[in-house]
Amino acid sequence: MDEAAAHPYVPRDLKLPGYVPISMSMSTILAVYLGASLFVVTFVWFLLGRKKAHLDRLLMCWWAFTGLTHMVLEGYFVFSPDFFKDNTSCYLAEVWKEYSKGDSRYAGRDSAVIAVEGITAVIEGPASLLAVYAIAKGKSYSYVLQLAISLGQLYGCLVYFITAFLEGDNFATNSFYYYSYYIFANGWWVLIPFLISYRCWNKICESANGVETKIKKKTR
């Protein structure tokens with residue numbers, strides 16, 4: 001079997017020399033990911049955010065979840081260009097072999113994907129964990145930080161989807177992987193950052209208006 005056809009990805013002529021087939025089932029990969037995510041969310045909710053309002057606790061859970069996802073999962077992808085050759089059943093490599101069924105640009109090391117994921121892993125990941133701390137401690141920069149990260153996530157998603165569209169949007173093995181991985185999984189990083197951006201913008205505007213009102217009263 002030649003190297004262009006020895007993998008399950010689309011396009012079929014994508015060359016992945018040394019490709020090692022995925023060894024974990026989709027259910028196993030998802031179970032580990034969901035289990036680890038649940039552990040993180042539970043830890044943040046009950047320990048780090050126990051004295052905060054429910055909305056703040058939810059936001060802390062989101063930022064912890066997304067921050068670790070960026071740093072661990074996406075960080076592994078960025079710094080492991082040969083993950084598709086892994087023959088040790090490394091969980092992180094298996095994740096990306098599986099996800100590439102929904103977007104083969106990951107296995108093919110597409111430059112736009114690497115750039116977006118690199119920025120996300122190195123900058124937005126640590127910044128997300130900083131947001132957890134900022135909310136927990138009630139820091140004055142909390143809303144500005146959350147707005148900045150959310151806008152970065154939205155921009156990254158736009159680049160991710162637009163570049164796929166411009167390149168023909170033909171990177172999924174079939175419609176199941178296209179809608180479940182490419183659309184549904186990534187859709188959360190459009191919806192939630194948008195909602196957070198809207199809330200933070202309003203909070204920042206309220207704060208600015210309050211300062212302006214105080215200044216006007218003092219100058220009268």
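This chain uses plain numbering: 1 for the first residue, then up along the sequence.
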Stepwise side-chain contact (heavy atoms from CB on, under 4.5 Å) check, K52 with L59: CA-CA 10 Å; K52 307 298 292 185; L59 287 169; over 6 Å; no

My understanding is that only residues two or more places apart in sequence, or in another chain, count here; which of them pass side-chain hydrogen bond (donor to acceptor under 3.5 Å, both in side chains) with [X]?
| X | result |
| --- | --- |
| S104 | none |
| D82 | none |
| E74 | H70 |

Neighbour count >12 (heavy atoms, 6.0 Å) for atom OH, Y141: yes

Residues, nucleotides or ligands: over 12 heavy atoms within 6.0 Å of F194 CZ: no

Inter- and intrachain pairs under side chain to side chain donor-acceptor pair (under 3.5 Å), touching residues 27-43, at least two apart: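 Qualifying pairs, neighbours excluded: S25-S27, S25-T28, Y33-T69.
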
Donor-acceptor contact below 3.5 Å, side chain H7 vs main chain L14: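 Looks like yes, one N/O pair under 3.5 Å.
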
Test side-chain contact (heavy atoms from CB on, under 4.5 Å) applied to L147 and V144, step by step: CA-CA 5 Å; L147 177 61; V144 174; 5.8 Å; no

side-chain hydrogen bond (donor to acceptor under 3.5 Å, both in side chains) between Q153 and T66, intermediate numbers included: CA-CA 10 Å; Q153 291 175 325; T66 192; 3.3 Å; yes

Residue pair S142 / Q146, side-chain donor-acceptor N/O under 3.5 Å: yes

Looking at every heavy atom in both [X] and [Y], which two are closest together, and how far apart are they?
| X | Y | answer |
| --- | --- | --- |
| A64 | V40 | CB-CG1, 3.9 Å |
| N186 | Y181 | ND2-O, 3.3 Å |
| P81 | F84 | O-CE2, 3.6 Å |

Cationic tip of R109 above F77 ring, under 6.0 Å, 45° of axis: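 Yes; both conditions hold, so R109 lies above the ring face of F77.
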
Could you check whether any side-chain heavy atom of [X] comes within less than 4.5 Å of a side-chain heavy atom of [Y], counting everything from C-beta outward?
| X | Y | result |
| --- | --- | --- |
| S150 | W63 | yes |
| V95 | F83 | no |
| M71 | L129 | yes |
| S197 | L154 | yes |
| Y198 | N202 | yes |
| K101 | Y9 | yes |

ring-ring contact (aromatic ring centres under 6.0 Å, His included) assessment of F65 paired with W189: CA-CA 12 Å; F65 161 75; W189 273 271; 5.7 Å; yes

Rounded to the nearest 0.5 Å, how far apart are [atom1] of [X] and [atom2] of [Y]?
| X | Y | atom1 | atom2 | value |
| --- | --- | --- | --- | --- |
| I29 | Y91 | CD1 | OH | 6.5 Å |
| T120 | Y160 | OG1 | OH | 11.5 Å |
| K97 | K85 | NZ | NZ | 11.5 Å |
| I114 | F79 | CD1 | CZ | 11.0 Å |
| D103 | T173 | CG | OG1 | 10.0 Å |
| E94 | S89 | CD | OG | 5.0 Å |

Would [X] end up clustered with [Y] when hydrophobic side chains under 4.5 Å apart are linked, directly or stepwise?
| X | Y | result |
| --- | --- | --- |
| L55 | I196 | yes |
| L151 | I162 | no |
| L130 | I149 | yes |
| Y179 | F161 | yes |
| I183 | L30 | yes |

Members sharing V20's hydrophobic cluster (side chains within less than 4.5 Å):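 For V20, no cluster forms, as it stays isolated from other hydrophobic side chains.
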
Test side-chain contact (heavy atoms from CB on, under 4.5 Å) applied to K203 - qualifying residues, sequence neighbours left out: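 With sequence neighbours excluded, K203 shows a side-chain contact (heavy atoms from CB on, under 4.5 Å) to Y143, R199, E206, given in chain and number order.
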
Trace of the side-chain contact (heavy atoms from CB on, under 4.5 Å) decision for M24 with V32: CA-CA 11 Å; M24 290 186 185; V32 172; over 6 Å; no

CA sep, side-chain torsions, deciding dist, call: K139, L145, side-chain contact (heavy atoms from CB on, under 4.5 Å): CA-CA 10 Å; K139 296 296 182 179; L145 177 62; over 6 Å; no

Stepwise ring-ring contact (aromatic ring centres under 6.0 Å, His included) check, Y182 with F171: CA-CA 9 Å; Y182 180 70; F171 303 104; 8.2 Å; no

CA sep, side-chain torsions, deciding dist, call: Y99, W96, ring-ring contact (aromatic ring centres under 6.0 Å, His included): CA-CA 5 Å; Y99 182 79; W96 291 112; 5.6 Å; yes

